Amino acid sequence: MKKILIIRFSSIGDIVLTTPVIRAIRKQLDAEVHFLTKEAFAPVLSANPYIHRLHLIKKDVGEVSARLRRERFDFIVDLHHNLRSAQVKAAVRRPSASFRKLNIEKWMLVNMGINRLPDVHIVDRYFDTVSALGVKNDLQGLDYFIPASDEVALSSLPQGFAEGYTGFVIGAKFMTKQLPAEKIASVIGRLEGPVIMLGGSEDKAKGETVTALLRPGQAQRVYNACGKYNLNQSASLVRQAQRIITHDTGLMHIAAAFKKDITSVWGNTVPAFGMYPYLPGRGSKIIEVKGLSCRPCSKLGHAQCPKGHFRCMMEINEAEIARS
């Protein structure tokens, strides 16, 4: 049995996007799969049955270097390809392959408006990294496994939600990836049936603002779940939703792992970066304002619009999201 170490330190969505490679290595090579990531992201992979062992760091790879050397891996699959992962490879000294990040091509798109990126999803590019091992994409999509203790019972939700609801992921790591509260409220006002707003504790106040903007009859069918559940519990709510509306964020990829009906809304980032919902053979609905010369303004995001107008989100059509 081969012993293979996969490296991806962050973040939620990026790690979820590695799961087809994890599964394929385990099943196609009958390999013992180890995975190195940050301690904060352990819940993303803690229940994954294709992983033999998780290796976790808080900050510095020196925390695990000696242990990794003792494992005597046959191969290292570096899906992060940064200075920290280079330090791991130098310390462990085993054969390896590294993900090609295309940073120059991303820079050209952001700074010059020239798109030289391949029209290929990042999952397929991850598989290019392991092609020398003979590992191929099985086209079964992403994986996400929820520990039984984190499954949320529908009976625990407010009255009326057990019959079905739309999940609306209202947050994202950066402000420029998020619809303003007023536009979220406008979308929710056009939806039929219950809506659960999903996000972390940092999104709780925004959820309260959205609720306050709704008419009383609309507010009664909206549940602000932001900050009330941990990541895996939020994933459980995503899994049980009838539909997911989301920004470009980690829960979007978790929704794709559950093969949900997804409408993704894009602000300063663009699907051309190759990180849209990965649903082989199905696809999803993508809402974006095309033709803006300032978009994308970053491959990640900003705390506020660099131009001050925030047209990439302000010109999004709420009715199009609701009916998509």
Side-chain angles (χ1 to χ4, degrees), residues 8-17 37-38 40-41 43-44 80 82 101-103 105-113 115 117 121-122 167-187 197-210 224-227 231 234-235 238 244-256 262-278 284 286-290 292-316 318 321:
R8 180 75 214 193
F9 295 110
S10 59
S11 292
I12 294 170
D14 302 272
I15 294 170
V16 174
L17 290 167
T37 191
K38 289 184 179 179
F41 301 107
V44 180
H80 206 121
N82 65 356
K101 298 179 80 169
L102 303 179
N103 285 334
E105 289 84 350
K106 291 177 184 176
W107 185 91
M108 290 176 63
L109 180 55
V110 170
N111 293 281
M112 302 173 66
N115 188 1
L117 289 164
H121 197 281
I122 192 171
F168 200 139
V169 182
I170 67 169
K173 186 174 182 180
F174 295 97
M175 172 268 179
T176 51
K177 286 185 172 186
Q178 304 177 34
L179 283 165
E182 295 78 7
K183 294 184 81 70
I184 292 174
S186 177
V187 173
M197 291 187 287
L198 297 162
S201 57
E202 68 278 9
D203 304 310
K204 181 179 179 181
K206 184 175 184 178
E208 292 170 350
T209 300
V210 171
N224 180 13
C226 298
L231 175 62
S234 295
V238 167
I244 294 293
I245 301 172
T246 178
H247 300 129
D248 171 21
T249 190
L251 284 178
M252 176 183 77
H253 299 296
I254 291 174
I262 300 171
T263 299
S264 58
V265 183
W266 297 72
N268 81 280
T269 56
V270 291
F273 288 145
M275 297 185 70
Y276 46 89
Y278 186 67
S284 63
I286 291 175
I287 308 293
E288 59 181 330
V289 177
K290 297 183 178 181
L292 292 179
S293 61
C294 58
R295 181 173 178 264
C297 61
S298 167
K299 66 179 182 179
L300 297 175
H302 299 286
Q304 59 185 7
C305 173
K307 299 289 186 180
H309 52 64
F310 203 27
R311 289 178 60 193
C312 61
M313 280 301 191
M314 295 308 297
E315 294 182 9
I316 290 285
E318 299 100 284
I321 298 173

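Nothing here was measured: the structure is a model prediction, and the numbers come from that model.
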- Task: Any chance you could lay out the side-chain contact (heavy atoms from CB on, under 4.5 Å) test for Val270 and Leu109, step after step, and finish with the verdict?
- Result: CA-CA 10 Å; Val270 291; Leu109 180 55; 4.2 Å; yes
- Message: Please evaluate residues Thr263 and Ile287 with respect to the criterion side-chain contact (heavy atoms from CB on, under 4.5 Å), reporting the C-alpha separation (whole Å), side-chain torsions for both, the decisive distance (0.1 Å), and the verdict.
- Response: CA-CA 7 Å; Thr263 299; Ile287 308 293; 3.7 Å; yes
- Verify side-chain contact (heavy atoms from CB on, under 4.5 Å) between Cys294 and Arg311, making sure each step is shown before the conclusion. CA-CA 9 Å; Cys294 58; Arg311 289 178 60 193; 5.8 Å; no
- Message: Determine whether Asn268 and Leu300 satisfy the following criterion, side-chain contact (heavy atoms from CB on, under 4.5 Å), listing intermediate values before the conclusion.
- Response: CA-CA 8 Å; Asn268 81 280; Leu300 297 175; over 6 Å; no
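Taking each heavy atom of Ile184 and Leu179 in turn, the nearest pair found is CD1-O, 3.6 Å. In terms of heavy atoms, Pro277 sits closest to Trp266 at CD-CZ2, 4.3 Å. The two residues Ala256 and Ile262 come nearest to each other via the heavy atoms N-CD1, 3.5 Å. Residue Ala181 comes nearest to Lys206 through the heavy atom pair N-CE, 3.9 Å, listed as atom of the first residue, atom of the second, then distance.
Counting only distance, with no hydrogens or angles, the side chain of His247 and the backbone of Val265 share no donor-acceptor pair below 3.5 Å. With hydrogens and angles disregarded, a donor-acceptor distance shorter than 3.5 Å links the side chain of Gln178 to the backbone of Ala172. The closest donor-acceptor contact from the side chain of Lys183 to the backbone of Ile316 lies under 3.5 Å. Between the side chain of Ser11 and the main chain of Gly13, no donor-acceptor pair closer than 3.5 Å is present. Using a distance-only test at 3.5 Å, with no hydrogens or angles considered, a donor-acceptor pair links the side chain of Arg295 to the main chain of Gly267. Looking at Asp248, its side chain never comes within 3.5 Å of a backbone N or O of Tyr276 through a donor-acceptor pair. Remark: the backbone N or O of Met175 is not paired with any side-chain donor or acceptor of His302 at under 3.5 angstrom. Thr37 places a side-chain N or O within donor-acceptor distance of the main-chain N or O of Arg8, the cut-off being under 3.5 Å.
Distance check, rounded to the nearest 0.5 Å: OG1 of Thr209 to NZ of Lys204 gives 12.5 Å. Between the CE atom in Met108 and the CG atom in Asn103 there is a gap of 13.0 Å [rounded to 0.5 Å]. The distance from the OG1 atom of Thr246 to the CG atom of Leu198 is 8.5 Å, given to the nearest 0.5 Å. Remark: Lys38 NZ to Phe9 CZ distance equals 8.5 Å, nearest 0.5 Å. From Ile15, atom CD1 reaches atom CD1 of Ile254 across 10.0 Å, with rounding to the nearest 0.5 Å. Atom-to-atom distance recorded for Asn111:CG and Ser298:OG is 9.5 Å, nearest 0.5 angstrom.
Atom NZ of Lys101 has more than 12 heavy atoms from other residues, nucleotides or ligands within 6.0 Å.
Contact of the Phe273 side chain with the Val110 side chain is registered, since non-hydrogen atoms from C-beta on lie closer than 4.5 Å. Two residues are said to be in side-chain contact when any heavy atoms from C-beta on lie closer than 4.5 Å; Ile245 and Ile170 fail this criterion. You'll find the side chain of Val187 reaches within 4.5 Å of the side chain of Phe168, heavy atoms only. A heavy-atom distance below 4.5 Å is found between the side chains of Met275 and Asp14. Side-chain contact between Ile286 and Glu288: present, with at least one pair of heavy atoms (C-beta onward) separated by less than 4.5 Å. Under the 4.5 Å side-chain criterion, counting only non-hydrogen atoms from C-beta, Lys299 is not in contact with Thr269.
A search for salt bridge (charged side-chain N to carboxylate O under 4.0 Å, His left out) contacts involving Asp203 returns nothing, not counting sequence neighbours.
In this pair, His121 and Tyr278 present their aromatic rings tilted. The plane angle is within the 30 to 60° band.
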